[in-house]
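Just below is one structure, and these are the notes that go with it.
Not measured: the values here are computed from a predicted model. Nothing fancy with the numbering, it's 1 onward along the sequence. When a ligand or atom number is given, it counts from 1 through the structure's own listing order.
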Amino acid sequence: MLLEDKVAFITGGGSGIGEATAKLFASEGANVIITDIDDVSGERVSNEIGSKATYLKCDVTNEEDVLAVINEITKTHSRIDCAVNNAGITGNPSNIEDTTYDNWFKVIHVNLTGVFFCLKHEITQMIKQGSGSIVNVSSGAGLIAVPSMAAYCASKHALLGLTKTAATENLSRGIRVNSVLPGSTKTPLLDQALNMSEGMEEIILNSIPSGKFGTPQEVAEGIAWLCSDRASFVSGASLAIDYGTVSR
Ligand SMILES: NC(=O)c1ccc[n+]([C@@H]2O[C@H](COP(=O)([O-])OP(=O)(O)OC[C@H]3O[C@@H](n4cnc5c(N)ncnc54)[C@H](O)[C@@H]3O)[C@@H](O)[C@H]2O)c1
């Protein structure tokens, strides 16, 4: 199996891409620690997976939460082999001139500062082990403009720089850091965005060469490969999983 006996930490694991990643990792032999701010969703995913999964509450914007969870995982499993920094939010859509500081701050805090807190403490543990693989979940919005989503777009662009820097700092330590850039993927987050304005579903579908949304499982496959030893020569990479949407 691709991830046999690996210990994997996943943020935002209670829904969408995080949920699919947790389920795929467990089916590939990993012990998964699902974290989320939503206990009901996190517990549900953990229960659906069974004995290979544990749920722990963790708000990625709270550094103490992140550190506590990482300490708990290392106490139980003595290591963290894989980390998937996936938790993210879109915020409310608006042009820049109408964007409130509150909306800007929330999105940057979850999508960027949250990943920074996770990276900081994951890398600290992985340095002790001398190994580890981390995947940050960016977005196609990390490469191209998305009108009315400035904070989201800025946070996802910034994640690519953060990923490359983390990868470069850790090349000699056996720790690989990569990012995935999902295209529009059918999850509650996308549904929420589609419901915000009329006709949005058709506009987005027309922008995808396959004419259909990706599935969370398709994104999870890329994350699993990057986390696995089969990607042993891959670090600092940004893997678009979008059926050619941003490369056209
Ligand atoms: N769905 C898409 O089309 C798409 C496209 C590109 C990138 N992404 C990215 O993929 C990631 C997952 O998105 P999704 O579509 O699965 O969304 P989702 O809303 O289905 O799941 C996100 C999960 O993150 C959790 N979360 C939110 N804030 C959190 C916090 N502060 N701490 C911990 N957990 C928190 C939520 O409770 C939820 O369970 C996000 O980073 C998103 O930006 C999604």
Only one of V137, I144, L159, L160 forms a side-chain contact (heavy atoms from CB on, under 4.5 Å) with L181, so which one is it? L160
Taking it one step at a time, do D102 and T100 satisfy side chain to side chain donor-acceptor pair (under 3.5 Å)? CA-CA 5 Å; D102 184 52; T100 61; 5.1 Å; no
Got a list of side-chain donor-acceptor pairs under 3.5 Å for residues 110-118, not counting sequence neighbours?
unit_1, atom_1, unit_2, atom_2, d
N111, OD1, I89, N, 2.9
N111, ND2, I89, O, 2.9
N111, ND2, S155, OG, 3.2

For the student: nearest non-hydrogen atoms of S133 and C227, plus distance: OG-CA, 3.4 Å
Relative to each other, are the rings of F105 and Y101 parallel, tilted or perpendicular (30° and 60° limits)? tilted
Can you spot which of N136, I241, V84 makes a side-chain contact (heavy atoms from CB on, under 4.5 Å) with V180? I241
For ligand 1, output the ligand-protein N/O contacts shorter than 3.5 angstrom; if there are none, return none.
unit_1, atom_1, unit_2, atom_2, d
ligand 1, 1 (N), T185, O, 3.1
ligand 1, 1 (N), T187, OG1, 3.1
ligand 1, 3 (O), T185, N, 2.7
ligand 1, 3 (O), T185, O, 3.3
ligand 1, 15 (O), T187, OG1, 2.5
ligand 1, 16 (O), I17, N, 2.8
ligand 1, 20 (O), S15, OG, 2.6
ligand 1, 31 (N), D59, OD1, 2.9
ligand 1, 32 (N), V60, N, 3.0
ligand 1, 37 (O), D36, OD1, 2.6
ligand 1, 39 (O), D36, OD1, 3.3
ligand 1, 39 (O), D36, OD2, 2.6
ligand 1, 41 (O), N86, O, 2.8
ligand 1, 41 (O), K156, NZ, 2.9
ligand 1, 43 (O), Y152, OH, 2.7
ligand 1, 43 (O), K156, NZ, 3.0

